[in-house]
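Quick notes on the structure that follows.
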Amino acid sequence: MLETSKESLIALCTKGQIKQDLSRIWSHTHLISKLLKSCVDRRSLFPVQQLHSITITAGCSKTKFISNHLMNAYAKLGQLRTAQNMFDKMPDRNVMSHNILIGGFIQNGELGTAIEIFNKMGQRNSASWNAVIAGMIKFEFNDEGLRLFANMHTEGFLPDVYTLGSVLRGCAGLKDLIKGTQVHGYVMRSGSEFDLVVGSSMAHMYMRCGSLREGESVIQLMPVHNVVAWNTLIAGLVQNGCATGALDQYNLMKMAGFRPDKITFVSVISSCSDLATLGQGQQIHTEVIKAGAMSVVSILSSLISMYSRCGCLNDSVRVFDEREGAKDDHVLWSSIIAAYGFHGKGHEAIKIFNRMEREGLQANDVTFLSLLYSCSHCGLEEKGLEFFDLMIKKYKLEPQIKHYTCVVDLLGRAGHLEEAERFIRSMPIKPDTITWKTLLSACKTHKNADMASKIAEEILKIDPQDSASYVLLSNTQATAKRWQDVSKVRKSMRERMVKKEPGLSWFELKNQVHLFVMGDKSHPEFNKIDLYLKELMDELKLHGYVPDIGLVMHDMDVEEKEYNLVHHSEKMAVAFALMNTPEGFPIRIMKNLRVCDDCHVAMKYVSLVKNREIVVRDASRFHHFRGGSCSCGDYW
DNA sequence: GTAGGGTTAG
C-alpha cells in the first residue's frame, strides 16, 4: 500500500532513532497510528504533517482508522481548525471521530464547541460522555458536569473509572459532601474504590469538604499507593489545618520509599508556614535543592511565603532575588509583596509593585490584595486607597470581598471608623463576618465602645457563635472601663454556650515544637517555667512594667487577675525560650490568636531587660521586639 | 482520555 519504507517513516518521527518495538510492527496503518501518537507525546507537529501527506499520496488518508488518528494528532497539537476540516470532510465519521474532536476542543479551552459537537452526535458511547463531563468539570462548570452525569445514567451508560474520577472532582469543586457521598456509593457498586485515580479523587473530595477522617480512611484502604495518593493525603491534612499530621505523613511517605515531587514539596513547605517551624522549613528547602527543583515557580512562591511567616524576611528576599526559571511570574512578585507586608514593610512592598509595573508585568487580584494589606499594616492609608482605585480603573479588576475588607482595615486602622462603616454599607457585595470584625477590631484599637457594640450586633446577626467577636467586644468595653457591659457580653456568651478559643503559643527548640496553652499546666516543665515567670515579671516591674489587669475577663481579685495574665500562652513560651536558649539568641514565638496588649508591653520589656530579639507571629502579623520597642509601632 | 499543588483580607 505504501511505497515509503518502514524505516524511513520511523526515522521521520523519532529523529532517526529506530525503536525496536516500532520496527516489529508489520501493518503500515498500525505503524502510522503509533507514530502519530509518539508525535503527540513529543509535541512535534512537523512529522504529523509529513505523515499526513504520505497517507494522501498513498491514498489511505480517508480510511476511518488513519483519519481518526491524524485528526487526533492535529487536535492534540492545537491545530483545531485542521482537525475540524478533516472531520467535516470525512465520509463516514464514527463515534470515535466525534470523541477525538470533543477532546481536542476541551484541551484547547473551547468547551462550548465541544459541547456543541456532543449535542449533535447521533450516537454516543461512554467515552463521549466521559469527555464532555471531564471538560465541564475541568472548566469548573461542576454543576453542569454533575447534571450530565445524571443524564448519562438515565440514557443507560454505566460510569467507569474515568467518569467517576471526573464526577468526584466536580463534587470536590463544589464542596458538595452529599453528592460526593452518593458517588462513593456508585464507586462501591462498581468495585472501583481501589483504583488509584478514583481513590485519590474520592479522598480529595472528602478532604475538600472538610471530612478529614473519611479522606484518610479512603487512602488507607487503598491496597496500592503512589505519589499522587500520598500528595492527596498530605495536602488534605495541611488544608484542614493539620500541618503537624502532614509533616508526619511526609516522613512516612519517604520511609515507604516514595520520592517527593513538586506538589509534595509545596504542601510540606506550606505546613512549615502554618507551624512557623523554621528548622523544618530549612531542612525541606535543602531537600528541594537536592532534588533540583529550585526552578519550580510554585515551590519558590511557597518558600518565599514560608520564610516570611517564619520571621525570616531576609531569606524570602534571597529566594526571590536568586529565583531561577520564570523571572516574570507574577505569583512570585505577589509573594514577595505579601512577605514585606507581613513584616510591616509597606514602603518596600510598594517599591516592588512599582518595579513590577515598570517591567510591564501583569498584576492580578492577589497582587493588589497583598499590596492593600501591606499598606493597611503600616498606616499608609492614602497610598492604599490610591491602589484600590488603580486596581479598578487602570487594571479593570473587580474587587472581591477580601479587597473590600482591606479597605475597611485601611480606614479603620487610621481611625476613620465612621467612614469605614459607611464604606461597608455602600459596598456592592454583602459584607461577611470578617469585614465587620475588621471594623470591630478597629473600634477596639481606637477605644470606641459605642460603635463596637453596634458592630458586634451586626456580626452576631450573621454568626451568633462567633467567639472572637464576643472577646473583641468585651475587651473593647474593658478598655473603656465599662464593666457592666463587659459582664453583659460574658453573660450572653454563657447563655449561647459560646466558648472562647483558647490562646495557644508554640516555640521550636531543636526541631521539636513546644506548645503552651493559656492557663494550662500540662507542660512537663511547668513548675520550673512558673517559677521563672514569677521572677521575670518581678524583674520587669522593677523596670517600670505594670500589668494591665483591665484586660482580664474574669471576676477575680487583683492577685488572681495578675496570675491569669502571667499565664497567657505567649508569656509562658517566652519564659521557656529564655530558659532554654543561650544569651543573645533570638527567640521566635508563634501564636494562634492576636497578641494581647499586656503581652505586647511585657515583650517589649523582656527584649530590653534580657537584651534579646523577640519575634512573635500572631494571627495577623509579625512583631519584632528589640531594645524595648516593637516593629509594629504599637499598631496591629 | 483520567488524580494531587503555590502567592491572598481577619
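By convention in this document, chain letters (A, B, ...) are assigned in the order of the sequence lines, proteins followed by strands, and residues within each chain are numbered from 1.
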Restricting to nitrogen or oxygen on both sides, can you table the protein-nucleotides 7-9 of chain B pairs closer than 3.5 Å?
none

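The stretch residues 127-136 of chain A touches DNA chain B through A/A127, A/N130, each having a heavy atom under 4.0 angstrom from the strand.
Spacing between atom CG of A/N592 and atom P of B/dG10 amounts to 16 Å, rounded to whole angstrom units. Between A/H184 atom NE2 and B/dA3 atom C1' the separation is 16 Å, expressed in whole Å. Rounded to an integer number of Å, the gap from CZ of A/R617 to C1' of B/dG10 is 14 Å. As rounded to whole Å, 13 Å separates atom P of B/dG10 from atom CG of A/L472. Atom CE in A/M202 sits roughly 15 Å away from atom C1' in B/dT2 (whole-Å rounding). Between the P atom of B/dA3 and the CG atom of A/D160 lies a distance of 13 Å, rounded to the nearest Å. The CG atom of A/L164 sits 19 Å away from the P atom of B/dG1 (whole-angstrom rounding). Counting to the nearest Å, the P atom of B/dG6 and the CG atom of A/D274 are 11 Å from each other.
Residue A/Q107 has no polar side-chain atom (N or O) positioned under 4.0 Å from OP1 or OP2 of B/dT2.
Residue A/V297 is classed as a base contact, given a heavy-atom separation below 4.0 Å to a base. Within 4.0 Å of A/I337, counting heavy atoms only, lies no atom of the nucleic acid at all. In this structure, A/V227 reaches the bases: a heavy-atom distance under 4.0 Å links it to at least one base atom across the strands shown.
For the pair A/R318 and A/D321, the salt-bridge criterion is not met [side-chain N within less than 4.0 Å of a carboxylate O]. Ion pairing between A/E421 and A/R425 holds under the 4.0 Å rule for side-chain N and carboxylate O.
Each of B/dA3, B/dG10, B/dG5 was ranked by its minimum atom distance to the side chain of A/V228; first place goes to B/dA3. Among the nucleotides B/dA3, B/dG5, B/dG1, the one closest to the side chain of A/N226 is B/dA3.
With values rounded to the nearest 0.5 angstrom, A/C272 atom SG is found 5.0 Å from A/L247 atom CG.
Inspection of the A/H403 and A/D365 side chains reveals no N or O donor paired with an N or O acceptor under 3.5 Å.
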### Task
Given ring-ring contact (aromatic ring centres under 6.0 Å, His included), test A/W333 with A/F353 step by step and report yes or no.
CA-CA 8 Å; A/W333 292 72; A/F353 177 74; 9.9 Å; no
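A/S267 pairs in a side-chain contact (heavy atoms from CB on, under 4.5 Å) with only one of the listed residues (A/V238, A/L237, A/L233), which is A/V238.
Between A/H98 and A/F87, the ring-plane angle classifies as perpendicular under the 30° and 60° cut-offs. Using cut-offs of 30° and 60° for the angle between ring planes, the A/W230 and A/F258 rings count as tilted. Relative orientation of the A/W129 and A/F157 rings is tilted, given thresholds of 30° and 60° on the angle between their planes.
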